[in-house]
Amino acid sequence: MSNLSSGFIITGTDTGIGKTVFAAGLTAALKATYWKPIQAGIDGETDTQVVQRLASMTSDRIISEAYRLRTPCSPHLAAKNDGVKINVSKLAPPTTRDPLIIEGAGGLLVPLTQDVLQIETFKQFNRPIILCARTTLGTINHTLLSLEAIRARALPLAGIAFIGDANDDSERTICGLGKTQHLGRLPTLEPLNSTTLQHAFSTNFPTLVATREAV
């Protein structure tokens with residue numbers, strides 16, 4: 001893994017797979033700062049609020065979103081509904097003293113505007129990507145396609161974090177065919193809180209936790 005001192009980009013193969021929970025676990029493990037550039041959907045708890053709660057973070061380790069959009073949908077449409085124009089130049093990562101965990105909105109090819117895909121902004125972020133993938137049916141296709149998109153743009157890839165019940169064959173097949181590192185698997189947690197998450201993360205992602213010593 002390269003450029004560890006700057007942190008990671010967290011993205012997913014799909015929406016609703018648990019990458020925000022994973023981001024919370026990683027932020028806590030690395031004692032990092034968290035930033036979600038675009039939040040689409042602000043009813044109830046936002047992703048930033050979920051991370052702050054599950055990582056037991058103080059507010060000084062949270063960077064406010066560049067855009068907070070009301071509608072829970074693709075950022076380009078949420079912005080249109082809000083009468084907002086997303087300026088991609090405003091999405092430059094802030095300078096932080098600690099490693100910065102950047103969580104994207106949905107998957108890699110989500111459009112931020114009519115002309116710009118989210119994955120295109122990841123290039124300027126210059127941080128290794130952790131791809132979160134579910135373990136259920138369909139994950140092999142979704143994950144390998146996401147890896148193709150990352151490699152087509154020559155983006156740095158730290159590896160894959162699986163989320164859900166164990167599926168040894170799918171996990172092994174994805175990492176083998178995708179030629180990437182299996183970083184660990186975050187199981188379904190009941191109850192889900194800061195204590196259970198941080199224990200599960202330290203148990204299941206020892207390589208990532210160890211990077212704290214390198215930053």
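All residue numbers refer to positions in the sequence shown, counting from 1.
Side-chain contact between Phe8 and Leu100 is absent, with no heavy-atom pair separated by less than 4.5 Å. Residues Ile163 and Arg134 form no side-chain contact, since every pair of their non-hydrogen atoms from C-beta on lies 4.5 Å or further apart. Under the 4.5 Å side-chain criterion, counting only non-hydrogen atoms from C-beta, Asn204 is in contact with Pro187. Looking only at side-chain heavy atoms (C-beta outward), Thr188 and Asp165 come within less than 4.5 Å of each other. Side-chain contact between Leu54 and Gln198: absent, with no pair of heavy atoms (C-beta onward) separated by less than 4.5 Å. For the pair Ile38 and Leu112, the minimum side-chain heavy-atom distance is below 4.5 Å. A 4.5 Å side-chain heavy-atom check between Thr11 and Leu131 finds at least one atom pair inside the cut-off. Considering only heavy atoms from C-beta on, Thr46 stays 4.5 Å or farther from Val50 through its side chain.
Checked by atom type, the side-chain pair Thr113/Asp115 shows no donor-acceptor distance below 3.5 Å. For Glu65 and Thr48, the side-chain atoms include at least one donor-acceptor pair closer than 3.5 Å. Inspection of the Asp60 and Thr58 side chains reveals an N or O donor paired with an N or O acceptor under 3.5 Å. Thr139 and Thr143 are linked by a side-chain donor-acceptor pair at a separation below 3.5 angstrom, with hydrogens and angles left out of the test. Glu103 and Thr20 share a side-chain donor-acceptor pair at under 3.5 Å.
Although no hydrogens or angles enter the test, the distance criterion places a donor-acceptor pair under 3.5 Å between the side chain of Asn193 and the main chain of Thr195. A donor-acceptor contact shorter than 3.5 Å is absent between the side chain of Gln124 and the backbone of Pro93. At distances below 3.5 Å, at least one donor-acceptor pair connects side-chain atoms of Arg151 with backbone N or O atoms of Gly178. One N or O on the side chain of Gln118 and one on the backbone of Ala105 form a donor-acceptor pair closer than 3.5 Å. The backbone N or O of Ala32 lies less than 3.5 Å from a partner atom in the side chain of Arg61, making a donor-acceptor pair. Distance alone, capped at 3.5 Å, is enough to place a donor-acceptor pair between the Ser74 side chain and the Pro111 backbone.
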Check the pair Asn87, Ser89 against side-chain hydrogen bond (donor to acceptor under 3.5 Å, both in side chains), reporting the backbone distance first and the verdict last. CA-CA 5 Å; Asn87 181 350; Ser89 66; 2.6 Å; yes
Take Asp47 and Tyr34 through the side-chain contact (heavy atoms from CB on, under 4.5 Å) test and state the conclusion after the steps. CA-CA 10 Å; Asp47 291 346; Tyr34 171 87; 4.0 Å; yes
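Aromatic ring pairs are classed by plane angle as parallel below 30°, tilted from 30° to 60° and perpendicular above 60°; the pair Phe125 and Phe122 is tilted. Using a 30° and 60° split on the angle between ring planes, Phe162 and His182 fall in the tilted class, from 30° to 60°.
Residues Ile129 and Leu177 fall within the same hydrophobic cluster, defined by Ile, Leu, Val, Met, Phe, Trp and Tyr side chains chained together at heavy-atom separations under 4.5 Å.
Among all heavy-atom pairs drawn from Leu69 and Pro75, the shortest one is CD1-O, 3.8 Å.
With sequence neighbours left out, Glu45 forms a salt bridge (Lys or Arg N to Asp or Glu O under 4.0 Å) with Arg53.
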